[in-house]
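Accompanying notes for the structure given below.
Reminder, nothing fancy here: chain letters follow the sequence lines and each chain counts from 1.
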There are 2 protein chains.
Amino acid sequence: MALATVAHARRIPCEACPLRENEHFRDFTPEELKFVSSFKRGELVSEPASAILSEGAHSAQLFTLLSGWAFRFKTLEDGRRQILNYLLPGDLVGLQGSVIGEMEHSVESLSPVVLCVFQRDTLPTLFENHPGLAFDITWLASREERMLDENLLSVGRRSAMERAAYLIAFLHQRAEQVGQAKASKHLIPITQQHVADTLGLSIVHTNKTLRKLAERQLIRWHDRACEVLDPGALADIAGWGGLTDRKRPLI
Amino acid sequence: MALATVAHARRIPCEACPLRENEHFRDFTPEELKFVSSFKRGELVSEPASAILSEGAHSAQLFTLLSGWAFRFKTLEDGRRQILNYLLPGDLVGLQGSVIGEMEHSVESLSPVVLCVFQRDTLPTLFENHPGLAFDITWLASREERMLDENLLSVGRRSAMERAAYLIAFLHQRAEQVGQAKASKHLIPITQQHVADTLGLSIVHTNKTLRKLAERQLIRWHDRACEVLDPGALADIAGWGGLTDRKRPLI
DNA sequence: CGTCGGTTTGATCTAGTTCAACCGCCGTGG
DNA sequence: CCACGGCGGTTGAACTAGATCAAACCGACG
């Protein structure tokens, strides 16, 4: 697993951020945009499968994912790994570290990613001068909490088949919201090992479960990627209502 | 399951809140205290096993738990229940609802509880005028996220024995931090059904697992309560490092 | 052309589930 | 006063979802 490549100099100004064109994100006032832009320190570009943040890191920075896929995870001493959640464009990375001071999980990329780098110690300034943005950060934290709640329900109480169906429907919906689904023809860039570590299952059983979903024509498995054929049926299997499609902030 | 009893008129002013004496909470400035006090609308007292907030509620209020134990949970349509986390004195209740607008989980009490009721729509005022308190709310949200991360690791990757040991060590440590452990002689007011629904196990297997812990003299099971005898050994079994003992805010 | 990571498959095993009782306690209604 | 029912906890037996073990396949890549 390669280390993340170093930060490049600032490229795109936030005012011209292509993500903002997506109607899924709420509009910012020019003033807010100006502040966010001043808050930004640079960009970080990184290869697939590279570490972005590591558990225990004290010097954690705060990022927003601009493009690509990543995931958060924790491991036990003997190596058992649990994936906690996935990160898609617009998601905040490293908030826990910035707010509380130390990271208790790691973050790794699944695809080539570009991150927007913020100076962690300017967070107090943001809270001082931009209550609206501060509220947005809390909003994003609450949203993460929600996703974790649903994940926990899944891992704790759904069967292997339900879990797998839920995960894929969930990721597909998130990708769709930020316009990644079209861009990549409904392809989710994960291996079956990632699925296993998300669902709390063994790879073997994960493989057999995914195979059944494929036989039912709900997904098609590619090399290191999952193509979603029938998101509705997947959500049905899981008994999952779907994400609420509210506009969200983009810091 | 009884409904929560109605809110009483305001009793204790925040300045005299007994919780603040606990050194585990950070000191507030007189000005902050004054605002929090004005933010408070009243108190809610409620019986054990009563609903405090319900999934889907749109009119969710924001609370701080003053005394007692409660828990957050979600259920699937067929009744399978997953407990997401527990709530102890000083914990914020209903933040998701207040920030995003709708609750996606329910909250129920485990013991008699007293909650401090806030007016949800004054939250923007708090963010406007008290950036420090706003930051504190984000801090608390991040802390919840952390606890969920560890829970997810537990349910996804730990064995039944490890999970049970982790849960009890975790709850015991939290109780101790807020001074509940001494007060109740290390008694956690839960049934084995609660444990099962937290760990994602059946009651039968939960019973057998707890029994083993009891045989090893690590816990003693009482009627609707778990007495913790050896928190250190429990944490060891789980391979869990314990909570970081940082001072935290109390809104 | 060999190796390696990701995927697939079958066989065997086991941790945890489900089913079925039973006990003790407590609150309720006759 | 007692009978009854329900809840929380306990226990054994039978069962199964999912784990583990083992081997092979396949495409990419040096």
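At a threshold of 4.0 angstrom between heavy atoms, the contacts of B/Ser202 include nucleobase atoms, whether or not backbone atoms are also involved.
If you measure from atom NE2 of B/His205 to atom P of C/dT14, you get 15 Å, rounded to the nearest angstrom. Here the P atom of nucleotide C/dT7 and the CD1 atom of A/Ile190 are 9 Å apart, to the nearest Å. Atom-to-atom, NZ of A/Lys208 to P of C/dT8 comes out at 12 Å; the value is rounded to the nearest Å. When the C1' atom of D/dC7 is taken as reference, atom CH2 of B/Trp221 falls 15 Å away, rounded to whole Å. Between the C1' atom of C/dT8 and the CG atom of A/Leu213 lies a distance of 16 Å, rounded to the nearest Å. Protein atom CD1 of B/Ile203 is 11 Å distant from nucleotide atom C1' of C/dT18, rounded to whole Å. For the pair B/His222 NE2 and D/dG9 C1', the computed distance is 14 Å after rounding to whole Å. Rounded to whole angstrom, the span from the CZ atom of A/Arg163 across to the C1' atom of D/dG18 amounts to 9 Å.
Here the two rings, on B/Phe71 and B/His194, have centers that are under 6.0 Å apart.
Between A/Arg157 and A/Gln193, it is A/Gln193 whose nearest contact on DNA chain C lies nearer the 5' terminus. Judged by closest nucleotide on DNA chain D, B/Leu210 is the one of B/Leu210 and A/Leu201 placed further toward the 5' end.
Between B/Leu234 and B/Ala169, the shortest heavy-atom contact is CB-CB, 3.9 Å.
Considering only side-chain atoms of B/Thr191, the nucleotide from C/dT17, C/dG5, D/dG8 that sits closest is D/dG8. Side chain of A/Asp223, nearest nucleotide from C/dG6, D/dG8, D/dT20: C/dG6. Of the listed nucleotides (D/dT11, D/dG9, C/dT17), D/dT11 has the atom at the smallest distance from the side chain of B/Arg211. Nearest nucleotide to the side chain of A/Val204, out of D/dG9, C/dT17, C/dG10: C/dG10.
Salt bridge A/Arg220/A/Asp230: absent, no basic N to carboxylate O contact under 4.0 Å. By the 4.0 Å N-to-carboxylate-O rule, A/Lys74 lies close enough to B/Glu150 to be salt-bridged with it. B/Arg80 has a carboxylate O that lies under 4.0 Å from a charged side-chain N of A/Glu162, or vice versa, which qualifies the two as a salt bridge.
Within the 4.0 Å cut-off from OP1 or OP2 of D/dG9, not a single side-chain nitrogen or oxygen of B/Asn207 is found. At C/dT8, one or more side-chain N or O atoms of A/Gln192 fall inside 4.0 Å of OP1 or OP2 (strictly under the cut-off).
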